[in-house]
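My questions all concern the structure below.
A, B, ... follow the sequence lines: proteins, then strands. Residue 1 opens every chain. The shown structure was predicted, so the numbers you read here are calculated from the model rather than taken from an experiment.
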There are 2 protein chains.
Amino acid sequence: MPRPTKQTPERGSARQRLLEAARDVIRAKGFAATSVDELCTAAGVTKGAFFHHFASKEALGIAAAEFWGSSTGALFAGAPYHTPADPLDRVLAYLDFRRLLIGGETWEWTCLVGTMAEEVHQTHPDIARACGEAIFGHAATLEADIALAMAQHGIRAPSAASLARHTQAVLQGAFVLAKAGGGAEAGQEALDHLKRYVELLFGKGES
Amino acid sequence: MPRPTKQTPERGSARQRLLEAARDVIRAKGFAATSVDELCTAAGVTKGAFFHHFASKEALGIAAAEFWGSSTGALFAGAPYHTPADPLDRVLAYLDFRRLLIGGETWEWTCLVGTMAEEVHQTHPDIARACGEAIFGHAATLEADIALAMAQHGIRAPSAASLARHTQAVLQGAFVLAKAGGGAEAGQEALDHLKRYVELLFGKGES
DNA sequence: GTGATAATACCGACCGGATGGTACGGTTCC
DNA sequence: GGAACCGTACCATCCGGTCGGTATTATCAC
């Protein structure tokens, strides 16, 4: 099916496949080390198609970050960690869920936008901005539950937004250590510490 | 002083300056986006000198990681956080010291080996290995104090090595968030959470 | 329905410059 | 003199990006 109905150009196969290829290849090799030709080969399209859909390689980077934000956003929105009635349990379930996601090859469970942001923050500020929106946007989805849990436990110490951001910091750091040789164990270990921090913060064990 | 005494070839100015240039330029632009010519210009040497001292760009990356490990190792060994008599105070002083280091341009206070490891872990495994040794080697320097503090407080929960690694995970994650738009505040915020975690873990406030 | 028209999606050869790396010659030090 | 050190010119390849062209599809008058 080379050219499906053009009623929805945004769902055109070439663009979609390029974004999916970018998600996987850039996650493994980094942005600068990934060539446009490589992306085209991985997506099964030609260079003409690439530059038809994206004005430049940088534009693809931005689009890839947004694509990552929306696709992971859908994944987490539909994840089962929202079901517990107690807000603190939902937060802890989120951490368990993130821990569960670790497995397989490193590039399969690490973060595209974290990798890209660290690499291109100076050379391609627009890409870094898009990456930042994805990261902090995801962090924001955790704020409500954290705020509820804090209110319920009478805690005012660190703000809900700050704690939400911290979960992402620990996750990103876990990815770095994993890539530096720590592997999946390093990732799980960091999640364990983070969960313990949250439990201590909320006085786990007391009523 | 273009060519100092050659009794100590390792201290030769060209090699040294290339490593210093690599430390700064790669930290800001990433490994793949930094060209050999650029490095030579920044170091004030020619390409001939570069390939005389390093067999390839990858070899320079490995040497830069080792150089980072030894120079930061010296910095931390001589830092003032070792002075407190109580081991837990030394650990907390280390975290304060790390927080104090944050300031100026992002590339000035972020980590070369973390950036490189994340970028090249798949394309240049040897560089990633050298980066990992620098990170986990630094983590190991914290183990003794953490182990002492744990013994003193009767804590056995997470191992000293694991907690030491976790400090590095949080730091690396802080760098990522900072580059993603959080800036220095994101870095300091993460350090604050980490310090709070350690304090909670060791029952700060109790005897 | 049909034919004309325009727009979209895609193809692939090509270009100029940058890139990592080499060859080789000269210089300085012991 | 010989080895380490460094400078310069050069090379093959790769890279991001362009461009003319084609095929498919949407629009619409009739």
Side-chain angles (χ1 to χ4, degrees), chain A residues 1-22 25-26 28-64 67 116 119-120 122-127, chain B residues 1-22 25-26 28-64 116 119-120 123-127:
Chain A
M1 58 197 76
R3 213 169 292 187
T5 62
K6 289 304 173 303
Q7 302 279 32
T8 56
E10 208 60 19
R11 266 188 58 256
S13 67
R15 183 187 161 92
Q16 187 76 10
R17 271 153 62 196
L18 276 168
L19 288 174
E20 288 165 2
V25 180
I26 295 178
K29 306 187 48 178
F31 180 77
T34 301
S35 72
V36 172
D37 283 304
E38 208 168 348
L39 252 9
C40 293
T41 303
V45 305
T46 62
K47 225 168 188 180
F50 184 100
F51 284 101
H52 172 74
H53 289 289
F54 305 103
S56 63
K57 191 189 172 186
E58 182 175 33
L60 168 100
I62 297 171
F67 176 66
M116 277 210 293
E119 185 185 351
V120 305
Q122 196 78 219
T123 47
H124 300 277
D126 290 339
I127 298 180
Chain B
M1 60 198 76
R3 214 171 291 186
T5 62
K6 290 302 173 306
Q7 300 279 35
T8 55
E10 207 60 18
R11 263 187 60 253
S13 67
R15 182 187 161 91
Q16 187 76 11
R17 271 153 63 195
L18 276 167
L19 289 174
E20 288 166 2
V25 179
I26 295 178
K29 306 187 51 180
F31 180 78
T34 301
S35 71
V36 173
D37 284 305
E38 208 170 348
L39 251 10
C40 293
T41 303
V45 304
T46 62
K47 229 170 185 177
F50 184 100
F51 284 101
H52 173 74
H53 289 289
F54 305 102
S56 63
K57 190 189 173 187
E58 181 175 33
L60 168 100
I62 298 171
M116 277 209 294
E119 185 185 351
V120 305
T123 47
H124 301 277
D126 290 340
I127 298 181

Is there a side-chain polar atom (N or O) of A:His53 under 4.0 Å from OP1 or OP2 of C:dC10?
->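 For A:His53, the contact criterion (side-chain N or O under 4.0 Å from OP1 or OP2 of C:dC10) is met.
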Determine, for B:Phe31 and B:Lys57, whether the Lys NZ or Arg CZ falls below 6.0 Å from the six-membered ring centre while staying within 45 degrees of the axis.
->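 Yes.
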Distance-minimising heavy-atom pair for B:Ala14 and B:His53 =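 Smallest interatomic distance, heavy atoms only, reads CB-NE2, 3.8 Å.
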Whichever of B:His52 and A:Glu58 has its nearest DNA chain D nucleotide further upstream toward 5' |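 Per heavy-atom nearest nucleotide, the more 5' residue is B:His52.
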Take atom NZ of A:Lys57 and atom P of D:dT18, then tell me their distance rounded to the nearest Å.
->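 For the pair A:Lys57 NZ and D:dT18 P, the rounded distance is 15 Å.
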Can you measure from CD (A:Glu58) to CG (A:Leu60) and round to the nearest 0.5 angstrom?
->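 The distance works out to 10.5 Å.
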What's the CG-P distance between A:Leu18 and C:dA9, to the nearest Å?
->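 The answer, rounded to whole Å, is 13 Å.
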Spatial distance of atom CG (A:Leu18) from atom CZ (A:Arg15) [nearest 0.5 Å] =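 Between A:Leu18 CG and A:Arg15 CZ, I get 9.0 Å after rounding to 0.5 Å.
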Please report the closest heavy-atom contact between A:Gly30 and A:Thr34, naming both atoms and the distance.
->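 That would be O-OG1, 2.6 Å.
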Restricting to pairs with a member in residues 35-51 of chain B, which pass salt bridge (Lys or Arg N to Asp or Glu O under 4.0 Å), not counting sequence neighbours?
->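 Residue pairs passing salt bridge (Lys or Arg N to Asp or Glu O under 4.0 Å), neighbours aside: B:Lys29-B:Glu38, B:Asp37-B:Lys47.
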Nearest-Å distance for atom pair CZ/C1', residues B:Phe31 and C:dT19 |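 That distance rounds to 13 Å.
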Interatomic distance, B:Phe51 CZ vs D:dA9 P [rounded to whole Å] |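 Rounded to the whole Å, the gap is 17 Å.
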Take the protein atom CZ of B:Phe50 and the nucleotide atom P of C:dG21, then report the distance between them rounded to whole Å.
->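 So the two atoms are 8 Å apart, to the nearest Å.
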Please list, by residue number, the residues of residues 33-49 of chain B whose heavy atoms come closer than 4.0 Å to an atom of DNA chain C; answer none if no residue qualifies.
->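 Nucleic-acid contacts, sorted: B:Thr34, B:Ser35, B:Val36, B:Lys47.
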